[in-house]
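Everything on this sheet refers to the single structure shown next.
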Amino acid sequence: DHLLHDMKRELYGGIMVPAHEMPRRADMVLNRIKSQSLGDIVGPDDFGMAPIARIHDADFLTFLETVWDEWSAIEGYEGEVIPTVWPSRRLNATRIPGFPEGKAGYYALSAETSITAGTWKAAYSSAQVALTAQKAVADGARAAFGLCRPPGHHAAADMYGGYCFLNNAAITAQAFLDQGASKVAVLDPDFHHGNGTQSIFYERGDVFFASVHGDPSDAFPHFLGWVDETGAGTGAGCNANYPLPPGAGFEEWFRAFENACGKIADFGAEALVVSHGVDTYKNDPISFFKLDSPDYVTYGKRIAELGLPTVFVMEGGYAVEEIGINAVNVLSGFDEVAG
């Protein structure tokens with residue numbers, strides 16, 4: 001179903017370019033998994049809307065499911081749903097417009113992410129992939145990898161963007177909690193800050209969120225991801241951000257990652273969800289870290305050393321020729337320690 005979401009273009013650097021988030025990303029990861037005989041490959045079960053609705057606003061879900069039909073029914077509107085206006089800081093954002101262009105602006109955080117005829121089906125199935133991986137771990141597996149596409153960590157409870165529509169990591173974490181876990185951690189080593197995951201759990205004390213990412217002064221999504229964002233209310237102290245500057249290499253990156261792992265261990269999580277993005281790679285076209293392929297093995301081993309039941313859900317990575325190698329290197333490193 002991921003093939004049904006196929007953006008042809010995106011706004012990047014002031015011009016329309018071929019979309020960086022393309023179906024081939026998932027194909028490359030799957031091919032690498034097969035070549036490395038990493039484990040059994042299974043299709044997703046269907047857990048319905050209930051676990052998705054535990055995270056996402058009902059009106060937002062209705063929007064995602066129906067906006068394409070509304071958009072494509074308008075005379076003169078062709079191509080993908082791309083928002084052009086947003087409820088900015090000085091516009092009253094308490095009312096949701098009826099016109100699909102206004103709805104898209106209300107629910108979108110950015111303009112690079114378009115909606116196509118098959119986006120809803122692909123996003124729904126992506127969440128089911130994550131939930132199937134979660135069930136495998138809840139049933140006793142040491143770890144499972146959800147090859148999710150589209151990705152999810154930029155999606156908030158009622159907002160899409162950054163190529164994300166449903167927050168697969170948050171849905172997975174909530175599933176563990178709903179099945180009896182008292183504490184869950186989400187570790188986000190994707191290059192871009194997991195703003196959606198942070199916003200969903202920011203005032204909750206049952207989920208610890210840690211993100212190592214490009215400094216929001218220089219990197220998308222720009223408006224979240226600062227060091228002083230540490231949680232609020234019952235979630236005070238349950239959020240840890242590690243923004244790093246352009247050109248950061250593995251040594252600097254891994255120091256931050258190690259600190260994040262230490263905080264997760266101290267939190268006492270009973271399960272771990274990893275937002276598995278590999279756009280930290282040195283040749284990624286929309287990122288500025290300098291990790292190399294062997295580095296992914298190293299930090300995969302460190303994740304395993306946490307000793308937690310672990311679900312990996314695929315996020316970013318746009319150096320398409322290397323995405324399979326890098327994504328599977330993390331999993332192989334994990335497997336080398338966890339067995």
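Atoms considered below: every heavy atom in the structure, side chains included; atoms not considered: hydrogens, waters and symmetry mates.
Between the side chain of D292 and the main chain of P294, no donor-acceptor pair closer than 3.5 Å is present. Under the 3.5 Å distance criterion, the side-chain polar atoms of R142 are matched with a main-chain donor or acceptor of L308. A side-chain donor-acceptor contact under 3.5 Å links S199 to the backbone of G196. Here the side chain of Q174 pairs no donor or acceptor atom with the backbone of P51 at under 3.5 angstrom. Distance alone, capped at 3.5 Å, is enough to place a donor-acceptor pair between the E10 side chain and the H20 backbone.
Across W253, F288, Y281, Y318, a single residue satisfies ring pair (Phe, Tyr, Trp, His ring centres under 6.0 Å) together with F191, and that is F288.
Counted by atom type alone, Y124 and E65 present zero donor-acceptor pairs between their side chains at under 3.5 Å. For the 3.5 Å distance criterion, the side chains of S275 and E315 qualify, holding a donor opposite an acceptor. With 3.5 Å as the limit, one finds no donor-acceptor pair spanning the side chains of E229 and N239. If you check the side chains of S125 and D1, you find a donor sitting under 3.5 Å from an acceptor. Using a 3.5 Å distance cut-off with no hydrogens or angles, the side chains of T84 and E101 do pair a donor with an acceptor. Side chains of D59 and Y107: no donor on one and acceptor on the other come within 3.5 Å. Side chain to side chain, S126 and N168 meet the donor-acceptor criterion of an N or O pair below 3.5 Å. Side chains of H56 and D158: a donor-acceptor N/O pair is absent below 3.5 angstrom, by distance only. Remark: the S293 side chain and the N326 side chain contain an N/O donor-acceptor pair separated by less than 3.5 Å. Using modelled atom types, one finds no donor on one side chain facing an acceptor on the other under 3.5 Å when comparing H213 with D190. For the residue pair N241 and Q198, a side-chain donor N or O sits within less than 3.5 Å of a side-chain acceptor on the partner. No side-chain donor-acceptor contact under 3.5 Å links Y160 and S110.
Residues I325 and I323 do not share a hydrophobic cluster, clusters being chains of Ile/Leu/Val/Met/Phe/Trp/Tyr side chains in contact below 4.5 Å. One hydrophobic cluster, built from ILVMFWY side chains closer than 4.5 Å, cannot hold both V313 and F145; they sit in different ones. Residues V311 and V29 do not share a hydrophobic cluster, clusters being chains of Ile/Leu/Val/Met/Phe/Trp/Tyr side chains in contact below 4.5 Å. W68 is not connected to M7 by any chain of hydrophobic side-chain contacts under 4.5 Å among Ile, Leu, Val, Met, Phe, Trp and Tyr, and they are in different clusters.
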Next on the checklist: Does K34 form a side-chain contact (heavy atoms from CB on, under 4.5 Å) with I41? I'd like the steps, not just the answer.
Outcome noted: CA-CA 8 Å; K34 290 177 179 177; I41 299 171; 3.6 Å; yes

Next on the checklist: Please determine whether salt bridge (charged side-chain N to carboxylate O under 4.0 Å, His left out) holds for the pair K135 and D45, giving the CA-CA distance in whole Å, both sets of side-chain angles, and the decisive distance to 0.1 Å.
Outcome noted: CA-CA 10 Å; K135 184 178 187 301; D45 295 325; 5.7 Å; no

Next on the checklist: Could you go through H153 and V186, starting from their C-alpha distance and side-chain angles, then the distance that decides it, and tell me whether this counts as side-chain contact (heavy atoms from CB on, under 4.5 Å)?
Outcome noted: CA-CA 10 Å; H153 72 151; V186 179; over 6 Å; no

Item to check | E322 vs R32, salt bridge (charged side-chain N to carboxylate O under 4.0 Å, His left out): CA-CA, chis, key distance, verdict | outcome: CA-CA 10 Å; E322 294 85 6; R32 183 67 175 179; over 6 Å; no

Item to check | Chi angles and distances behind the side-chain contact (heavy atoms from CB on, under 4.5 Å) call for T119, L4 | outcome: CA-CA 6 Å; T119 295; L4 299 172; over 6 Å; no

Checklist entry - Can H154 and F220 be said to form a ring pair (Phe, Tyr, Trp, His ring centres under 6.0 Å), step by step? => result CA-CA 10 Å; H154 294 306; F220 182 93; 5.1 Å; yes

Checklist entry - Given the rule in the side chain to side chain donor-acceptor pair (under 3.5 Å) test, do T197 and N167 qualify, once you have shown the distances and angles that lead to the verdict? => result CA-CA 7 Å; T197 314; N167 195 308; 3.1 Å; yes

Checklist entry - Would L187 and I264 satisfy side-chain contact (heavy atoms from CB on, under 4.5 Å), going step by step from the backbone distance to the final call? => result CA-CA 8 Å; L187 177 61; I264 288 171; 3.9 Å; yes

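With contacts defined as side-chain heavy-atom distances shorter than 4.5 Å, the pair V273/F312 does not qualify. In this structure the side chain of P189 reaches within 4.5 angstrom of the side chain of Y299, judged on heavy atoms. Using a 4.5 Å cut-off on side-chain heavy atoms (C-beta onward), L64 and L166 make contact. Side-chain atoms of L38 and L331, non-hydrogen and from C-beta on, do get closer than 4.5 Å to each other. Two residues are said to be in side-chain contact when any heavy atoms from C-beta on lie closer than 4.5 Å; P100 and V67 meet this criterion. Between L177 and R204, some side-chain heavy-atom pair lies under the 4.5 Å cut-off. Between D266 and F208, the closest side-chain pair of non-hydrogen atoms is not below 4.5 Å. Annotation: side chain of Y163 is not in contact with side chain of P150 (no heavy-atom distance under 4.5 Å).
Expressed to the nearest 0.5 Å, how far CG of L11 lies from CD1 of I15 amounts to 9.0 Å. Interatomic distance, D27 CG to M22 CE, rounded to the nearest 0.5 Å: 11.0 Å. The distance from atom OG1 of T310 to atom CD of Q134, rounded to the nearest 0.5 Å, is 12.5 Å. Between the CG atom of L30 and the CZ atom of R149 there is a distance of 13.0 Å, given to the nearest 0.5 Å. Atoms CZ and CD, from F250 and E252 in turn, are 12.0 Å apart once rounded to the nearest 0.5 Å. Here the straight-line distance linking atom CZ of F267 with atom CZ of F209 works out to 13.0 Å at 0.5 Å rounding.
Nearest approach of G317 to R25, heavy atoms of both residues: O-NE, 2.7 Å. In plain terms, the two heavy atoms of A155 and C164 that are nearest each other are N-CB, 3.7 Å. F60 and A157 get closest at one heavy-atom pair: CD2-O, 3.5 Å. Taking each heavy atom of L109 and G161 in turn, the nearest pair found is CG-CA, 3.8 Å. Across all non-hydrogen atoms, the minimal contact from P23 to H2 is O-CE1, 3.2 Å. Residues P221 and H193 share a closest heavy-atom pair of CD-O, 3.8 Å.
Between R24 and E321, at least one side-chain nitrogen of the basic residue sits less than 4.0 Å from a carboxylate oxygen of the acidic one, meeting the salt-bridge criterion. Contact check on K301 versus E305 returns no salt bridge, with no Lys/Arg side-chain nitrogen under 4.0 Å from an Asp/Glu carboxylate oxygen. For D6 and K8, the salt-bridge test passes: some basic side-chain N is under 4.0 Å from an acidic carboxylate O.
Residue R302 places its CZ atom among more than 12 non-hydrogen atoms of other residues, nucleotides or ligands, all under 6.0 Å distant. No more than 12 heavy atoms of other residues, nucleotides or ligands shown are found within 6.0 angstrom of CG on D40. Residue-environment remark: NZ (K263) stays at or below the threshold of 12 foreign heavy atoms within 6.0 Å.
Checked against a 6.0 Å centroid threshold, the rings of F165 and H5 count as neighbours.
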